[in-house]
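For ligands, and for the atoms within them, numbers begin at 1 and follow the listed sequence.
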Amino acid sequence: MTDETLSNLLHEERRFPPDAAFAEAALAQPGLYEQATADRLAFWEEQARALTWASPWTQTLDWSDAPFAKWFVGGTLNVAYNCVDRHVEAGNGERVAIHFEGEPGDTRSITYAQLQREVSKAANALTQLGVEAGDRVAIYLPMIPEAVISMLACARIGAAHSVVFGGFSAEALRSRIDDADAKVVITSDGGYRRGNPSALKPAVDAAVVQTPSVKKVLVVQRTKQDVEWDDERDVWWHDVVDSAPDVHEPQAFDAENPLFILYTSGTTGKPKGILHTSGGYLTQTAYTHRNVFDLRPEKDVYWCTADIGWVTGHSYIVYGPLANGATQVIYEGTPDTPHKGRFWEIIQKYRVTQLYTAPTAIRTFMKWGDEIPAEYDLSSLRVLGSVGEPINPEAWVWYRKHIGGDRTPIVDTWWQTETGAIMISPLPGVTTAKPGSAQVPLPGIAVDVVNDSAEPVPNGSGGYLVLTEPWPSMLRGIWGDPERFKETYWSRFEGLYFAGDGAKKDDDGDIWLLGRVDDVMNVSGHRLSTTEIESALVSHPKVAEAAVVGASDETTGQAVCAFVILRGDAGYDESQAESVVTELRNHVAREIGPIAKPRQIMVVAELPKTRSGKIMRRLLQDVAENRTVGDVTTLADSTVMDLIKKGLGAPS
Ligand code: 6R9
């Protein structure tokens, strides 16, 4: 990456030093970095000791069969015991584990003592249904407490779960059940979505016709809608779980016992079943959750808005928070049901202290307008988190100002399904925040940015993000495909894990994520990042959201094409289209340089996003290059592309 193009983001000069009182009281102190650097493995051993082990490990890390890692070799523990029972035994049984807020407004608060009974019942019921340690169970549920209970019940009996996001199709579900050879599927009649019950069981019915491994389907009743029923195969949760004994003796399993498989979406080809195991995964999710969010389990109310169908839901709704004995909110629905202030209403109601959400949500809230959150009391918030995509500096600053009351630290957390837990993030109370940058590897984590020859780039330059040392919550492989694991992550740079992301180091050595490397454009031999130009566009007061792609161009190789959504209050009407576009093109030229000036800017009403909120630039590239739009099956809303094409006057 040439120096003159490493521009816009590095010009972000706003700095947010930690508040002195917060810094003094913070859980994470600067000494944590020194401690981890002095002896990395001893540092991780200390973090592992925050868990309760049934028998101690004999070796911290076995890397002799790299890239297949074993952490805490010989140690045994029960993950569900760590997430539930031990808090009850410590006298915290009456503490609320989950404040559940259903979309229609129904609520349930579940204490740790109740959770222990619920998980025990579910574990007994799964055993009765024939599930044994080492088996796989598919979970296809809405965001209801039974989703968490099911995951913990699997962990309790040593079976691996494979959660499939409830928005995925019958075909996506079928291929995942098949790949993992799941014995049981746990689902529900449906869930609530945008004010209406939305069915789930029909997809399971269609999928399991073709999956001989599935012996039983366990069905939670949530919406009470009609369902088809197979008397041989289907059982109601309220029949078999509610009547099961509420005491269950947790058995200890090996630290490397598979905990779950989670399939990653997005790229072409067969989905990859990312495998995570027990001891190292739980160690790192608990450690990061505590330190990155400054968690005080005795008084905080934490809320992560992800769905448990994604890794963020696994690590930062289920395992990290519960291992730490946190009280958290779980919300079933969408942020605009029944009104656009629903999130803020929930924060006000439960006095939420930590909010963990995604840039795409933050940009949506910006688009809806500042006045909506302003109507609610958000003063309980102490730490705000962001995950999933690079956060544009403007969105970061908006988040801090309008949600965080110009007061809260923001943690921009970089990690992946594969890393299992947060890897790069500021520490609240320690790091002086730079809007738009994830900044520094957490204590215990080793990352670098390298060039094509695997050499570390100097400060002020860009390249590829790599992880240079194994970490406890690292993926242990791709389910059933060890070769693909080596090939995908370990073959590009010898001995280094290649994350697939571009990044640059600023003059202080802080890391700025630039999006997937396939999102890097090459315009007239200059490497430009989509994130960089998107951030420039979003920094314009009229723009709410932007997506940038490189479209092939006869002269420049690639040309910058931008799709923008204007802010609701921008007062835009069609007759001004031309002048707005000119204004935005000039704005980008001013912010980054003429080289980054988009060849084309298209004003659209929506952007195509995956169900986890990541913009699918590949589809926009099809539009920009006048091609038939490719596979839209992983889109959250498959009609978006028709809307975009119609809006641009292109044939659909
Ligand atoms: C946790 C999660 C992983 C990819 C990752 C990167 C992008 C996630 C980010 C970020 C910049 C952040 N990503 N967090 N990019 N800043 N704070 O999202 O996992 O769904 O597997 O996606 O998401 O490109 O490689 P996953």
(message) For atom 14 (N) of ligand 1, what's the nearest protein heavy-atom neighbour? Residue, atom name and distance, please.
(response) Gly388 N, 3.1 Å
(message) Any heavy atom of Thr312 closer to ligand 1 than 4.0 angstrom?
(response) yes
(message) Within the 4.0 Å heavy-atom shell around Val311, which atoms of ligand 1 are there?
(response) 1 (C), 19 (O)
(message) Please list, in number order, the atoms of ligand 1 under 4.0 Å from a heavy atom of Leu513.
(response) 11 (C)
(message) Using 0.5 Å steps for rounding, measure from the OG1 atom of Thr353 to the CZ atom of Phe293.
(response) 11.0 Å
(message) Taking Trp471's backbone N and O only, do any of them form a donor-acceptor pair with Trp71's side chain (distance below 3.5 Å, no angle check)?
(response) yes
(request) Show which atoms of ligand 1 fall inside a sub-4.0 Å distance from at least one heavy-atom site of Asp412. (result) 12 (C), 16 (N), 17 (N)
(message) Between Thr413 and Ser386 (side chain of the first, backbone of the second, donor and acceptor by atom type, cut-off under 3.5 Å), is there such a pair?
(response) yes
(request) Give the atoms of ligand 1, by number and element, whose distance to some non-hydrogen atom of Thr413 is under 4.0 Å. (result) 9 (C), 12 (C), 14 (N), 17 (N)
(request) Report, in ascending order of atom number, the atoms of ligand 1 lying under 4.0 Å from any heavy atom of Val387. (result) 1 (C)
(request) With atom 23 (O) of ligand 1 as the reference point, say which of Met423, Gln416, Lys614 has the nearest heavy atom. (result) Lys614
(message) To check your reading of the model: name the closest protein heavy atom to atom 26 (P) of ligand 1, its residue, and the distance in Å.
(response) Thr417 OG1, 3.6 Å
(message) For the OH atom of Tyr331 and the CE atom of Met143, what is their distance to the nearest 0.5 Å?
(response) 11.0 Å
(message) Looking at Ile422, is its backbone amide N or carbonyl O close enough to the side chain of Tyr316 to form a donor-acceptor pair, meaning the two atoms are under 3.5 Å apart?
(response) yes
(message) For atom 11 (C) of ligand 1, what's the nearest protein heavy-atom neighbour? Residue, atom name and distance, please.
(response) Pro390 N, 3.1 Å
(message) Just to confirm my output: which protein heavy-atom neighbour is closest to atom 6 (C) of ligand 1, and how far is it?
(response) Asp501 OD2, 2.8 Å
(message) Do Ser473 and Trp415 have side chains that approach each other closer than 4.5 Å (heavy atoms only, starting at C-beta)?
(response) no
(message) Check for me whether Trp310 has a heavy atom closer than 4.0 Å to any atom of ligand 1.
(response) no
(request) Look at the side chain of His276 and the backbone N and O of Arg476, then say whether any donor-acceptor pair between them is shorter than 3.5 Å. (result) no
(message) Let me confirm one number: the SG-CD1 distance from Cys154 to Ile186, rounded to the nearest 0.5 Å.
(response) 5.0 Å
(request) Quick one: look up the protein heavy atom nearest atom 12 (C) of ligand 1 and list residue, atom name and how far away it is. (result) Glu389 O, 3.4 Å
(message) Please check: side-chain N/O of Glu534 versus main-chain N/O of Val548, any donor-acceptor pairing under 3.5 Å?
(response) yes
(request) Would you mind finding which of Tyr316, Trp414, Trp415 brings a heavy atom closest to atom 2 (C) of ligand 1? (result) Trp415
